[in-house]
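Notes for the one structure printed next.
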Amino acid sequence: MDRPFQKIAVIGQGYVGLPLALLFVNKGHTVYGVDVDPKKIEGLRQGVSYLPDVQDEELRWSLATERYHPTDRYEKVAEADAIIICVPTPLNASHSPDLTILEKAVVEIGKFLQKGQMVILESSTYPGTTREVLQPLLEKESGLTAGIDFHIGYSPERIDPGNKDYKVEQIPKIVSGLTATCVESAQALYSSVFDKVVRVSSPDVAELTKLLENSHRLINISFMNEIAAICDKMNIDVWEVIEAAQTKPFGFTAYYPGPGIGGHCIPVDPLYLQWKAQKFGTESKFIQLSDEINRSIPSYIMNRVKAILAKQSAPEHASILLYGVAYKKDINDVRESPALDLIHLLAEAEFSVSYHDPFIPEIQVNGQRYTSVEIDEDTLRSADCVIIFTDHSVIPLDQIIAHAPLVFDTRNATAGVQDKHHVYRMGAGK
Ligand SMILES: NC(=O)c1ccc[n+]([C@@H]2O[C@H](COP(=O)([O-])OP(=O)(O)OC[C@H]3O[C@@H](n4cnc5c(N)ncnc54)[C@H](O)[C@@H]3O)[C@@H](O)[C@H]2O)c1
């Protein structure tokens, strides 16, 4: 039932799906970029990228090849040789996996599924999803049998938005399949675009690999945030300690404190693992604790800033300006950004809050709209405290230090600044 992978349907044209679709186009494939958001599709058709990592020129080049077709029509799935699913896998209100978006997408795919096609899930999810959710839904909708009439597999997406050191195709691609032929097929598909493909024995292994990677980051960064809080009390500079520790050539890997972990992956994926572990009557205490620590960081920052302001006899309803609200540098993503929790807490404590982010013109926090303010001498002088939340590469550090009356830096962006009594770094005490 094998067919050459000339035409690919990539379902979801977001942070993951769009760069992947353009990579396949770049390597000579025809791609249908399917997304349910008509505004997104229209923008892509006009050659206007909404992702900092995807330049308009790259998008326009892809459109000009006439091999990239952004569309909101699932019918195109019927024409593809392979269908790759990159839709969101969020948490619900009780912090459990919410697969409703994925299920809807799979039902649509099932309606158009053809014999001989390959379906690959790339969304991050708990072990078992490919076999327990994807396979039965596809079989029910299509009347076809996985492993016999069509191939099915899982290949975790490992893209790191904003990372300029690794292009998508340079990140080794883990592939798996329901049967030996499914995995062969997945390997053939991805070998045509990725520098290195790593085969694993089952979709469950591939699913857990992704969750392990992200749980490992959540746990280690949360640990560093705990150490940062200890260093604040002890008046020791955590950043200097980490720098010294990493001179050891083996046995130590540096992770850094910060204002909390955000994004659609690292705070979310470990809870998918925790949920599935609980179905087996077990759990990860590390994930539980790290999640708690991570969620507590915005209130830790607020309390530190409050204490510093109180020492300086600042007015009761002091004004606080956040530099950056993106969850990490050089991206325009605020999903799960702890900046939103921090703004909420500060507003609740009756601080007057504003923000500047060069990539994010507006945000909503608990139903309230905030728009990014201009950053200039006047705005900086009129804030009682500037919190450096995101260390975007374009941060005007000298200007902030020169004009803000007080700076609280959560990213060690001001590390090189000497003898400035109004500059505080998280985890550095004083
Ligand atoms: N963002 C990352 O850095 C990253 C990295 C690795 C893995 N992942 C995983 O990849 C998956 C996608 O994440 P993302 O960041 O690209 O999300 P995203 O929100 O940026 O993009 C998802 C896209 O899917 C579209 N969509 C929603 N429902 C759809 C449907 N039924 N049919 C077609 N399109 C639909 C949305 O309109 C959106 O454009 C998630 O499981 C995430 O955990 C994300």
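Both counts, for ligands and for their atoms, begin at 1 and track the order of listing.
The aromatic rings of W275 and Y126 sit tilted, their planes meeting at an angle between 30° and 60°. Under the 30°/60° scheme for interplanar angles, the aromatic rings of F24 and H29 are found to stand perpendicular.
Remark: ligand 1 atoms within the under-4.0 Å shell around heavy atoms of I101 are 27 (C), 28 (N). Taking a cut-off of under 4.0 Å to the non-hydrogen atoms of K210, the atoms of ligand 1 that pass are 6 (C), 7 (C). Numbered from 1 in the order shown, with element, the atoms of ligand 1 that lie under 4.0 Å from a heavy atom of I159 read 5 (C). Near A105, meaning under 4.0 Å from one of its heavy atoms, ligand 1 places the atoms 31 (N). If you number the atoms of ligand 1 from 1 as listed, the ones under 4.0 Å from a heavy atom of P161 come out as 3 (O). For ligand 1, the atoms sitting less than 4.0 Å from at least one non-hydrogen atom of D37 are 37 (O), numbered in the order shown with element in parentheses. Ligand-side atoms of ligand 1 in range of Y15: 1 (N), 15 (O), 16 (O), 20 (O), range being under 4.0 angstrom from any heavy atom. Residue-ligand proximity, V87 to ligand 1, at heavy-atom distances under 4.0 Å covers atoms 11 (C), 12 (C), 29 (C), 34 (N), 35 (C), 40 (C), 41 (O).
Taking the six-membered ring where the residue is Trp, the centroids of H392 and F359 are separated by under 6.0 Å. Note: Y272 and H95 fail the aromatic proximity criterion, with ring centroids not under 6.0 Å apart.
By the side chain to side chain contact (heavy atoms under 4.5 Å, CB included) test, A349 is found to be paired with M302, K306, F351, residues two or more places apart in sequence or in another chain being considered.
Q187 and R199 are linked by a side-chain donor-acceptor pair at a separation below 3.5 angstrom, with hydrogens and angles left out of the test.
Note on D72 versus K40: no salt bridge recorded, every NZ/NE/NH1/NH2 to OD/OE distance being 4.0 Å or above. Salt-bridge annotation for E57 and R60: absent, with no side-chain N of the basic residue lying under 4.0 Å from a carboxylate O of the acidic one. Between R158 and E122, no side-chain nitrogen of the basic residue sits less than 4.0 Å from a carboxylate oxygen of the acidic one, so the salt-bridge criterion is not met. The pair D269-R217 does not count as a salt bridge, with every side-chain nitrogen at least 4.0 angstrom from each carboxylate oxygen. Ion pairing of E42 with K39 is absent here, as no side-chain N (NZ or NE/NH1/NH2) approaches a carboxylate O to less than 4.0 Å.
The closest non-hydrogen atom to atom 6 (C) of ligand 1, taken over R158, E213, E157, comes from E157. Here atom 27 (C) of ligand 1 lies nearest to V36 when heavy atoms of I266, V36, L18 are compared.
The protein atom (non-hydrogen) at minimum distance from atom 22 (C) of ligand 1 is P88 CD, 3.5 Å. Of the protein's non-hydrogen atoms, Y74 OH, 3.2 Å is the one closest to atom 33 (C) of ligand 1. Scanning all protein heavy atoms for the shortest distance to atom 21 (O) of ligand 1 gives G14 CA, 3.2 Å. Nearest protein neighbour of atom 13 (O) of ligand 1, counting heavy atoms only, is H264 CD2, 3.5 Å. With respect to atom 41 (O) of ligand 1, the closest heavy atom belonging to the protein is T89 OG1, 2.6 Å. Atom 24 (O) of ligand 1 has its closest protein heavy atom at G12 CA, 3.4 Å.
In this structure, the side chains of V407 and Y424 stay at 4.5 Å or more apart for every pair of heavy atoms. Contact check for L178 versus R131: side-chain heavy atoms found under the 4.5 Å cut-off.
Only the side chain of C265 comes within 4.0 Å of ligand 1, counting heavy atoms alone; its backbone N, CA, C and O stay farther away. Under 4.0 angstrom from ligand 1, there are no non-hydrogen atoms of Y272.
An N or O contact shorter than 3.5 Å links S124 to ligand 1 by distance. Any N or O atom pair closer than 3.5 Å counts here, and K40 shares at least one such pair with ligand 1. Residue V16 has at least one nitrogen or oxygen atom sitting less than 3.5 Å from a nitrogen or oxygen atom of ligand 1, judged on distance alone. An N or O contact shorter than 3.5 Å links D35 to ligand 1 by distance. Taking any N or O of K104, backbone or side chain, none lies under 3.5 Å from an N or O belonging to ligand 1. At least one N or O atom of R335 sits closer than 3.5 Å to an N or O atom of ligand 1. On a distance-only criterion, E122 and ligand 1 share no N/O pair closer than 3.5 Å.
Looking at D35, its side chain never comes within 3.5 Å of a backbone N or O of I11 through a donor-acceptor pair.
Across L271 and R295, no two heavy atoms sit closer than the pair CD1-NH2, 3.7 Å.
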